[in-house]
Amino acid sequence: MDLKPHTLPWQDAYKLMIGSILPRPIAFVSTLDADGRANLAPFSFFTAISAEPMLVCFSPMRKGKDGAKKDTLWNIEETNEFVINIVSEEFVEEMNNCAIEFDRGIDEFEQTGLTKKESVTVRPPGVAESKVQLECTLHQVLHFGDQPGAGSLVIGKVECVRIDDDLYYDGKIDSQKLKPVGRLAGQSYTKPLADSFEMIRKR
């Protein structure tokens, strides 16, 4: 069948995206608002852009009820800083609890019991339970509408990569020790290394 997104309700178009673009890594983003209050939220529209400069991006969608910006986006636009914490199996439940739509100004660290870790190059704290943190300054943000279903593209310049010592060897990260978690459609998640395989790229 052929489905044209512009003919569908945005909720149905969204289901097509999350059901076909998978598994998706999770950007667990910590920020501070202008008053120094912490926020922590997961986003599964997340990927790398380039290594020089080292740029990453994630996309916070507008709220489905009224098209309002999410707290993460408000905070980044106010402070120009954020931390992307890579999600591992050990704290996936706490990550999921941070997706609850708390009132603005509520500290998700306190609500979920996750631990703040002082950052090296930016003001927002990282998540101590995370084995890899990407400390970012805002490089650019692009907005694509302000209605429910719309979204923004937040591009961050990575100022510091913080890695647990036992993960790092020979200039690489041991993904088996990282035990990352990915997002599928609906309420489903995946352990992407559970059934991995290798293929040598031909030259």
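All values below were derived from every heavy atom in this structure, side-chain atoms included, with hydrogens, water molecules and symmetry-related copies excluded.
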With [X], which residues qualify under side chain to side chain contact (heavy atoms under 4.5 Å, CB included), at least two apart?
X	answer
T47	C57
V161	M54, V132, L134, V158, I163
T112	E94, N97, C98, L114

[X]: side-chain hydrogen bond (donor to acceptor under 3.5 Å, both in side chains) partners, not counting sequence neighbours:
X	result
S188	none
T115	E129
T190	none
K116	D107

Taking side chain as C-beta onward, heavy atoms only, is [X] less than 4.5 Å from [Y]?
X	Y	answer
D146	R62	yes
P192	P180	yes
E159	E81	no

Contact list for residues 53-101, test ring pair (Phe, Tyr, Trp, His ring centres under 6.0 Å), sequence neighbours left out: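 Counting only pairs at least two positions apart or across chains, the ring pair (Phe, Tyr, Trp, His ring centres under 6.0 Å) contacts touching residues 53-101 are F43-F58, F58-F82.
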
Residue pairs, two or more places apart or on separate chains, that pass ring pair (Phe, Tyr, Trp, His ring centres under 6.0 Å) and touch residues 133-179: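 Qualifying pairs: none.
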
Side chain to side chain donor-acceptor pair (under 3.5 Å), paired with S30, selected from N39, N75, N85, T72: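 It is N85; the other options fail the test.
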
Distance-only polar pair, side chains of T121 and E135, donor-acceptor under 3.5 Å: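 A pair is found: one side chain offers a donor N or O, the other an acceptor, under 3.5 Å apart.
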
Residues S44 and R24: side-chain donor-acceptor under 3.5 angstrom: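 Distance-only check passes for S44 and R24.
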
Connected hydrophobic set around L22, excluding itself, where side chains approach under 4.5 Å: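 ILVMFWY cluster around L22 also holds L184.
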
Apart from V83 itself, residues in the same hydrophobic cluster as defined by side-chain heavy atoms under 4.5 Å: V122

Audit row: K179, K131, side chain to side chain contact (heavy atoms under 4.5 Å, CB included) steps and yes/no: CA-CA 9 Å; K179 295 192 286 187; K131 299 173 184 177; 4.1 Å; yes

Counterpart residues, salt bridge (Lys or Arg N to Asp or Glu O under 4.0 Å), relative to K117 (two or more places apart):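 Per chain and number, K117 pairs via salt bridge (Lys or Arg N to Asp or Glu O under 4.0 Å) with no residue.
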
Co-membership, hydrophobic cluster, residues F109 and V29, 4.5 Å side-chain: no

Side-chain donor or acceptor of S175 paired with backbone N/O of L178 under 3.5 Å: no

Side-chain donor or acceptor of D164 paired with backbone N/O of L167 under 3.5 Å: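 Judged by distance alone, no pair lies under 3.5 Å.
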
From OG1 (T7) to CG (D2), nearest 0.5 Å: 11.0 Å

Pairing of E78 and R104 as salt bridge, 4.0 angstrom limit: yes

Salt-bridge contact E77-K69 (side-chain N to carboxylate O under 4.0 Å):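 The answer is yes: the pair qualifies as a salt bridge.
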
